[in-house]
Trainee: 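Sharing a structure, written as structure tokens. Questions coming.
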Amino acid sequence: MSGRKSPLRHLRSRRLAIWLILGIGVWSAIATTIPQVARDSAEATAFEARYGPFAALARAVGLDHAYTAPVFLTAVVLLAVATLLCAWERTMWTRRRLRQTRVVSDGVIARLREKPAIIVDVPLGSPSPLEQAAGALGALRLKVTTDSNLVTAEGGRWGLLGSPVFHWSLGLLIVVVGLGTLMRAEGSIGIPVGESRIDTAESYGALDEGSLYRGHSGLRIEATDFLLNYMDGTRHRGPSPVLTLYDGETVLKRQRVYPNNPLRYGSLLIHMGAHGVSPEISLETPSGEEILSARPLVDFDETSPTGTSPSGFFLIDDATGTESGVRVEVDLPAQGKTNELATVSLYVEPGGWLESTGATGLTRGGTLELSNGAVLRVQNLDYYVRISVADDWSVPYIYALLVIGTIGLSVAVVLPHRAVRLLLVEDGDGRRLHVHTSHSRGDPTFGERVERALKDRFCDEDDSGGER
Amino acid sequence: MTSETLEILAMWGAVTAYAVGGVLYALGALFRRDRLLDLAFWISVAGLVPHTAGIAARWMRVGHGPYIGYYEAVSSLAWSTVVLLGIIAWRWPKLRVLGIVIMPISFLAIGGAMLAPKAPIELSGTLASWWLTIHVTFAKLSYSSFIAAFVIALAYVLRERRTSGAIADLLAKLPDQARLDDLSYRWIAVGFIFLTVMVGSGAIWANEAWGRYWGWDPIETWSLISWLVYAGYLHVRLTLGWHGKKSAWYAMLALPIVVFALIGVPVVFRSIHGAYLLGY
Ligand code: HEM
């Protein structure tokens, strides 16, 4: 191997790890004071007007999209690499440590002889002092091995594994979260109750796809049923649909969906998002034949006088190819989001052959006659649900790494590794125990406890011997 | 007596006990009377009886644990802090005197809670989850542990500075500095485990409730910041060997960050998490 230092060496620096950890913390803290919104949005403009130079600086370094900014991502990647390298280093260190505590080298014995940390005098008449010492250490819940004039005792061997397990889990967690984010898609689909939509990009209203997303499932999602307020025992679960997932005609899963009870299938996770009204409107020929049926999605809007925001659909005249828009407004009764007493208003935007202006206050069955004799009819008034669909394979792995990491951390903290080595030294001055202790967390009381346990053992013997 | 009246009476009983406990602690320190300090400790811990009764009465009445709304969240934080004082005093009797700092904090917390609106907030569909219970239980455990670490670190730093006077006499009753240093670290290490479970269960709960495990919502971000700050503490201690004063100052300066994450963020930022603390 060449003597040159690998760049990875710098990433193993403990100071760098601390700077990265704290740096990411400080960055995130500053970011919470800056609106994380699109640069051309009103909020961003208002912020910029108010905090001129600070806002400009924040924008320059990317703090206005703090968690996708190159600075942040670089720090996270460096932290992931550093953590994995450290996990490797901790693993090697632990392996050495686990071996070392079992084998005692000549060097260790020499150090025990020359420079003991604790010395315990053994009374003259004391039989088998090593056995006594082993007993005392055993009482401290240490596992004891005796070998000629040497006793080694150890506790919390598992604890040594805690830190590597924890660092591996953390490093992998950052990697999996990163990959998961790149390969994930999340969006919402509006489905009128009783209808279904195919899981393809076109079905989504809002959709956020990671750059490595491998494509939508193509499965069909049906809003089979809907309750405005589902009661689960005594608990109100709010608006809740029954969703059915189909592959072709095969039912893959059917389930009522409400908060904390999403539908899961493979990597798909489907939540109830919002709901709104969805009138069913048909177009009939003068002879009464239905030629088209539409289910526009009408959202609730508390600020509008009707309680909803207008929606609509298009009619195309096959003969001329002209398009006319049908504006649909739903007037909700004052209280609440129920469509029991709702009425529908239809307005046809002039375009080609449709010149009618509109009809208001239509209830079920109500019609609007068009200039060519065709009729728009309100067939039904039902709801639609807007479900949120997340497709992310990484979630179970993230959960698993969180659990393993927490177990590793707990083991490291709760079960610190403790070791004692003790040598019986006999010379002209008498018999003594020379002791070294080590505690992985540097607990200052461990050495004291060992010393007290040993001294108590031999003092007791001394006292009782004296009385006899 | 209705359960609501019982709750209010019990809570005022607890406020009184914590106030008297805090005052007796101060007097005990000022006049250097051990007996007063003991009395202060026992009265403070006795305050847990009405406090527990108050929380239990409300729990039974409103049907959910003490974590929805400012009143419930802050009063239960005070409760867990006093329980912690009890545990510390039981494990390390000499540390009983730490009540001199813990009791005023607990008194201010419960007093502040009593001033907040007390109307129960209904547990919405999103909040009704086992993950929420795990999440808030561990949040409480971690915040209480960090408060303990803070108080022990404060005692450490004060003892480094004061060598005479009433406070020095009081501090003399504590275990030696090396042990305090170790204890403060231990509470942070344990608190960090709790915080890890808190953040992890929060992420799992968010995924179950909303379909995303992390959304950089202000409170999520600030709990991650708290986590990073304490990871920093453990690192400077275990890898750079910061001990004693430096480590104690770090433990003290880190606490305001978690307190902000818990209480400040829902007030300053309008976040979805405000739902459980402020009820919007
Ligand atoms: C996401 C980043 C990291 C976090 C949150 C983290 C957290 C922790 C925690 C909580 C401990 C204490 C565990 C215990 O008591 O054993 C610890 C210990 C330690 N960490 Fe990290 N760590 C991270 C990354 C790193 C990196 C990058 C390095 C290497 C440069 C590193 C090296 C160490 C060492 C040497 C110890 C102490 C010895 C040991 O317990 O094994 N850590 N870390």
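Below, chain A is the first sequence line, B the second, and so on; all start at residue 1.
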Trainee: Can you give me the closest heavy-atom contact between B/Gly211 and A/Leu269, atom names plus distance?
Mentor: CA-CD2, 3.9 Å

Trainee: Would you check if B/Arg237 and A/Arg441 make a side-chain contact, meaning some heavy-atom pair closer than 4.5 Å?
Mentor: no

Trainee: Of the listed residues (B/Leu240, B/Val197, B/Ile204, B/Ile225), which shares the most heavy-atom pairs with chain A below a 4.5 Å separation?
Mentor: B/Ile204

Trainee: Taking every heavy-atom pair that is under 4.5 Å apart, which of B/Thr239, B/Asn207, B/Thr221 has the most such pairs with chain A?
Mentor: B/Asn207

Trainee: Does any non-hydrogen side-chain atom of A/His271 lie less than 4.5 Å from one of B/Arg212?
Mentor: no

Trainee: Only pairs at least two apart or in different chains count here, so list each salt bridge (charged side-chain N to carboxylate O under 4.0 Å, His left out) that has a residue in residues 10-35 of chain A.
Mentor: A/Arg12-A/Glu89, A/Arg14-A/Glu89

Trainee: Counting heavy-atom pairs closer than 4.5 Å to chain B, which one of A/Val395, A/Asn261, A/Val26 comes out on top?
Mentor: A/Val395

Trainee: Could you list the donor-acceptor pairs under 3.5 angstrom formed by side chains in residues 173-181 of chain A, with sequence neighbours left out?
Mentor:
from: A/Thr181; atom 1: OG1; to: A/Val177; atom 2: O; distance (Å): 2.6

Trainee: Quick check on the structure: residues of residues 247-259 of chain B within a heavy-atom distance below 4.5 Å of chain A, by number.
Mentor: B/Tyr250

Trainee: Roughly how far apart are A/Ile18 CD1 and B/Trp242 CH2, rounded to 0.5 Å?
Mentor: 8.0 Å

Trainee: Can you label the angle between the B/Trp216 ring and the A/Phe72 ring as parallel, tilted or perpendicular, going by 30° and 60°?
Mentor: perpendicular

Trainee: Tabulate, in ascending numerical order, the residues of residues 173-192 of chain B having at least one heavy atom closer than 4.5 Å to a heavy atom of chain A, or enter 'none'.
Mentor: B/Ala178, B/Arg179, B/Asp182, B/Tyr185, B/Arg186, B/Ala189, B/Val190, B/Phe192

